[in-house]
There are 2 protein chains.
Amino acid sequence: MKIDGALMGKEIKFKIWIEEEEEKFYGPGPNQLLKEIQNEGSLSKAAGKMNLSYKKAWEMVQRLNHHSEKPLVILKKGGQHGGGAEVTPHALKIIEDYDILQKKMKELVEQQHEFLKVLN
Amino acid sequence: MKIDGALMGKEIKFKIWIEEEEEKFYGPGPNQLLKEIQNEGSLSKAAGKMNLSYKKAWEMVQRLNHHSEKPLVILKKGGQHGGGAEVTPHALKIIEDYDILQKKMKELVEQQHEFLKVLN
DNA sequence: AAGCGTTATGTTTTTACGCACATATCGGTT
DNA sequence: AACCGATATGTGCGTAAAAACATAACGCTT
């Protein structure tokens, strides 16, 4: 059986994000960053895993914390291992919710994808 | 009754597009452009309505036609009115399908938006 | 107090992109 | 054949985004 979507190489893609006062602060990037921070316990290592400059990662964290009542990431400098980063329980909740919405969107798109046939 | 989404100014936004071989060719911009072309019968006027340069609009049309088996826009140069632009029935079908998907996505997001509460 | 690894921040360089501008082309009308 | 309005296409400039580079600050350990 032929699957149109794959054969013709056309894909429906989408992106979800959260913004406040015209500023985007949560999306695919920050979502992944939070997960990496959770794994690594370090912002610089998390950035490295994502092929992201430390600076951009740091700015992401600032935006995240700025737009949330309670901090999502806690950064510590100095100390035994030079410092570190950890995510709060609030962050875990947001990651989960974002992933759920992402999944539902994906299902919706896949249901609907036969409209690409018009392009043939 | 308080509506969290409005009060805290945080919004969930999304975008859908179609791409082929890493190249985006259909999204909110082209979708609106097709509608404007249908109204105006002219690519330059359609571009004007969108505050878009003629060049960018023309490139959009090239991409649209390039990635579709059958043309979505027919451009004519010269003649009584200097030329003109019109959309094909295929374009109308795509516009419709895109708008439907857009609407369903919007509904899904609105259902799900209570997850913003975590940010308070 | 010296060392270490990480966070924190500034400066410079490069790249990408939009945008204005200029000009050519076409074909029906007059 | 001159005119007109729209399509067709190239070029240079300015700005903004991204990347690269440099350096400071911190606090525990030894």
Side-chain angles (χ1 to χ4, degrees), chain A residues 15 17 19 21-30 32-68 71-88 91, chain B residues 13 15 17 19 21-30 32-68 70-88 91:
Chain A
K15 187 181 170 183
W17 70 90
E19 65 180 56
E21 292 161 16
E22 308 288 295
E23 184 178 50
K24 303 175 185 176
F25 66 95
Y26 202 97
Q32 188 186 346
L33 183 61
L34 289 179
K35 291 176 180 172
E36 299 288 356
I37 291 174
Q38 189 185 10
N39 289 339
E40 302 294 334
S42 150
L43 180 55
S44 61
K45 283 177 185 163
K49 282 286 179 71
M50 291 179 66
N51 270 51
L52 198 67
S53 74
Y54 171 81
K55 188 171 209 170
K56 290 211 77 169
W58 182 84
E59 288 167 351
M60 274 187 190
V61 170
Q62 301 311 304
R63 273 195 300 275
L64 286 170
N65 285 340
H66 175 73
H67 288 285
S68 177
L72 302 180
V73 178
I74 295 174
L75 299 174
K76 292 174 183 169
K77 68 158 73 169
Q80 183 168 13
H81 303 85
E86 59 177 352
V87 299
T88 66
Chain B
K13 297 203 171 184
K15 187 181 170 183
W17 69 92
E19 65 180 57
E21 291 159 18
E22 306 289 294
E23 183 178 51
K24 303 175 185 176
F25 67 95
Y26 202 97
Q32 188 186 346
L33 182 62
L34 289 179
K35 291 176 181 174
E36 299 289 355
I37 291 174
Q38 190 186 9
N39 289 340
E40 302 294 333
S42 153
L43 180 54
S44 61
K45 283 177 185 165
K49 281 288 179 73
M50 291 179 66
N51 271 51
L52 199 66
S53 74
Y54 171 82
K55 187 172 213 171
K56 290 213 76 172
W58 182 84
E59 288 167 350
M60 276 187 189
V61 169
Q62 301 311 305
R63 273 196 300 275
L64 285 170
N65 285 340
H66 176 74
H67 288 286
S68 177
K70 298 178 181 178
L72 302 181
V73 179
I74 296 175
L75 298 174
K76 291 174 183 170
K77 67 158 74 169
Q80 184 168 13
H81 304 83
E86 58 177 353
V87 299
T88 66

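Order of the sequence lines fixes the chain letters, A, B, ..., with proteins taken first and strands second; residue numbering starts at 1 for each chain.
- Side-chain N/O atoms of B:H66 and B:E23 include no donor and acceptor closer than 3.5 Å.
- A salt bridge links A:K76 to A:E86: one of the charged nitrogens lies within less than 4.0 Å of a carboxylate oxygen.
- Between the CD atom of A:E23 and the P atom of D:dA17 there is a distance of 12 Å, rounded to whole Å.
- Applying the 4.0 Å criterion to OP1 and OP2 of C:dT6, one finds that A:K45 has a side-chain N or O inside that range.
- Here the nucleotide nearest the side chain of A:Q80, chosen from D:dT29, D:dA8, C:dT7, is D:dT29.
- Atom-to-atom, NE2 of B:H81 to C1' of C:dT30 comes out at 14 Å; the value is rounded to the nearest Å.
- Side-chain nitrogen and oxygen atoms of B:W58 include at least one within less than 4.0 Å of the OP1 or OP2 phosphate oxygen of D:dA8.
- Distance CG (A:L52) to P (C:dT7): 13 Å, rounded to an integer number of Å.
- To the nearest 0.5 Å, atom CD of residue A:E36 and atom OG of residue A:S42 are 11.0 Å apart.
- Side chain of A:K56, nearest nucleotide from D:dA18, C:dT6, D:dT7: D:dA18.
- Whole-Å rounding puts the A:M60 CE to C:dA8 P distance at 16 Å.
- For A:Q62 and A:G82, each mapped to the nucleotide of DNA chain C holding its nearest heavy atom, the one lying further toward the 5' end belongs to A:G82.
- Between D:dA19 and A:K55, no contact under 4.0 Å exists linking OP1 or OP2 to a side-chain N or O.
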Check against side-chain contact (heavy atoms from CB on, under 4.5 Å), A:L52 and A:M60: CA-CA 11 Å; A:L52 198 67; A:M60 274 187 190; 4.0 Å; yes

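- For B:K77 and C:dT29, the NZ to C1' distance is 19 Å, given to the nearest whole Å.
- The separation between B:I37 atom CD1 and D:dA6 atom P is 14 Å, rounded to whole Å.
- Between atom NZ of residue A:K49 and atom CD of residue A:E40 there is a gap of 3.5 Å, rounded to the nearest 0.5 Å.
- One can place OH of B:Y54 at 9 Å from P of D:dT9, the figure rounded to the nearest angstrom.
- Taking atom CG of B:N51 as the reference point, atom C1' of C:dC19 lies 13 Å away to the nearest angstrom.
- Within 4.0 Å of A:S42, counting heavy atoms only, lie sugar-phosphate atoms of the nucleic acid but no base atom.
- Closest approach to the A:L75 side chain among C:dT11, D:dT7, C:dA8 is made by C:dA8 (side chain taken as heavy atoms from C-beta onward).
- Of the two residues contacting DNA chain C, namely A:G83 and B:S53, the nearest-nucleotide position lying further toward the 5' end is that of A:G83.
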